[in-house]
Amino acid sequence: MNYWLMKSEPDDVGIDDLQRMGSVGWYGVRNYQARNFMRDQMQLGDGVLFYHSSCPEPGVAGLAEVSKLAYPDPTQFDPESKYFDPKSTVEAPRWQQVDVRFVAKTRLLALDELRRYSELAGMTILKRGNRLSITPVTPAEWSFIKALLT
DNA sequence: GCCAACGTTGGC
DNA sequence: GCCAACGTTGGC
């Protein structure tokens, strides 16, 4: 059992969209490190902090869980998609996605609030220059954040 | 819209 | 295999 923070742009898929849809395929990851987390380390039931990025109020907006193990991201094969990858083939797909299931919408735990807790100072998301859209969360960080949100 | 940070690409 | 150029991310 692992824990993750996954960034999504609420203009694309926000926590309300996830709640409405129940679960979503986490399409569009085009970074090898993030892909490898999904492909190699995610397990069914892993806890996910659903994070809103590139928006007026960036921060954790809800909780989710991994509901399907990694499988090929269909958008890589779709020439109409902005995530189309001409170098990828169905036989040897380059990009993977998992499904993520809605668990709860929470209050917005804003980025500037996250920065205020010394318990969270080690979080990858808070490190300078971090751009990874999927990052591991330690059990201690997960517990601390869950306590803040419930 | 700016720009720092960082990943990827491609010529050599 | 190096590394400059380029593209993207994402907070501000």
Side-chain angles (χ1 to χ4, degrees), chain A residues 2-21 23-42 46-66 69-138 140-142 144-149:
Chain A
N2 296 308
Y3 302 102
W4 308 94
L5 182 144
M6 299 177 76
K7 296 179 187 173
S8 185
E9 301 188 12
D11 284 351
D12 186 9
V13 181
I15 190 67
D16 292 329
D17 300 307
L18 182 65
Q19 180 164 30
R20 190 171 59 250
M21 292 186 284
S23 73
V24 290
W26 207 267
Y27 62 89
V29 170
R30 294 295 179 268
N31 170 281
Y32 290 105
Q33 203 177 343
R35 178 203 65 182
N36 293 349
F37 284 140
M38 291 196 289
R39 187 189 62 188
D40 303 334
Q41 295 191 40
M42 284 195 183
D46 276 6
V48 173
L49 300 173
F50 191 95
Y51 182 91
H52 284 175
S53 70
S54 294
C55 59
E57 290 189 291
V60 175
L63 303 173
E65 65 184 12
V66 175
L69 296 176
Y71 62 100
D73 175 347
T75 64
Q76 70 194 305
F77 308 124
D78 177 5
E80 300 303 309
S81 170
K82 71 171 186 173
Y83 298 113
F84 177 62
D85 183 349
K87 294 178 183 167
S88 189
T89 64
V90 176
E91 295 72 28
R94 181 177 292 201
W95 304 111
Q96 306 267 116
Q97 64 181 24
V98 295
D99 283 358
V100 166
R101 180 192 296 134
F102 176 82
V103 171
K105 181 177 178 177
T106 63
R107 72 176 177 91
L108 187 87
L109 175 51
L111 179 58
D112 59 0
E113 182 180 350
L114 286 171
R115 291 193 203 281
R116 291 207 288 271
Y117 300 108
S118 60
E119 292 89 341
L120 303 178
M123 285 189 80
T124 311
I125 186 92
L126 302 181
K127 300 234 171 85
R128 180 182 159 84
N130 168 68
R131 298 184 315 170
L132 262 188
S133 61
I134 300 175
T135 51
V137 171
T138 68
E141 291 160 354
W142 174 266
F144 186 81
I145 289 172
K146 264 201 111 172
L148 289 175
L149 293 177

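Order of the sequence lines sets the chain letters (A, B, ...), proteins ahead of strands, with each chain counted from 1.
When the P atom of C:dC12 is taken as reference, atom NE2 of A:His52 falls 17 Å away, rounded to whole Å. Note: CG (A:Asn130) to C1' (B:dA4) measures 13 Å, nearest angstrom. For the pair A:Gln33 CD and C:dT8 P, the computed distance is 19 Å after rounding to whole Å. Atom NZ of A:Lys127 is separated from atom P of B:dG7 by 14 Å (rounded to the nearest Å). Between the P atom of C:dT9 and the OH atom of A:Tyr32 lies a distance of 14 Å, rounded to the nearest Å. Rounding to whole angstrom units, CG of residue A:Asn31 and C1' of C:dT8 are separated by 10 Å. Remark: C1' of C:dG7 and CZ of A:Arg131 are 9 Å apart, rounded to the nearest angstrom. Whole-Å rounding puts the A:Ile134 CD1 to C:dG10 P distance at 11 Å.
Applying the 4.0 Å criterion to OP1 and OP2 of C:dC12, one finds that A:Arg115 has a side-chain N or O inside that range. Look at A:Lys7 and you won't find any side-chain N or O under 4.0 angstrom from OP1 or OP2 of C:dT9. Between A:Tyr51 and C:dG11 there is a side-chain N or O to OP1 or OP2 distance below 4.0 Å.
A:Lys105 places no side-chain N or O within donor-acceptor distance of the main-chain N or O of A:Asp16, the cut-off being under 3.5 Å. Judged purely by atom type and a 3.5 angstrom limit, A:Ser8 uses its side chain to pair as donor or acceptor with the backbone of A:Val13.
Smallest separation of non-hydrogen atoms from A:Phe77 and A:Ser88: CE2-OG, 3.9 Å.
Interatomic distance, CD1 of A:Ile145 versus CG of A:Leu5, reported as 7.5 Å (0.5 Å rounding).
Side chain A:Arg30 to base C:dT8: no donor-acceptor pair is found below 3.5 Å.
The listed nucleotides are B:dT9, B:dG7, C:dG11; the one nearest the side chain of A:Ser53 is C:dG11.
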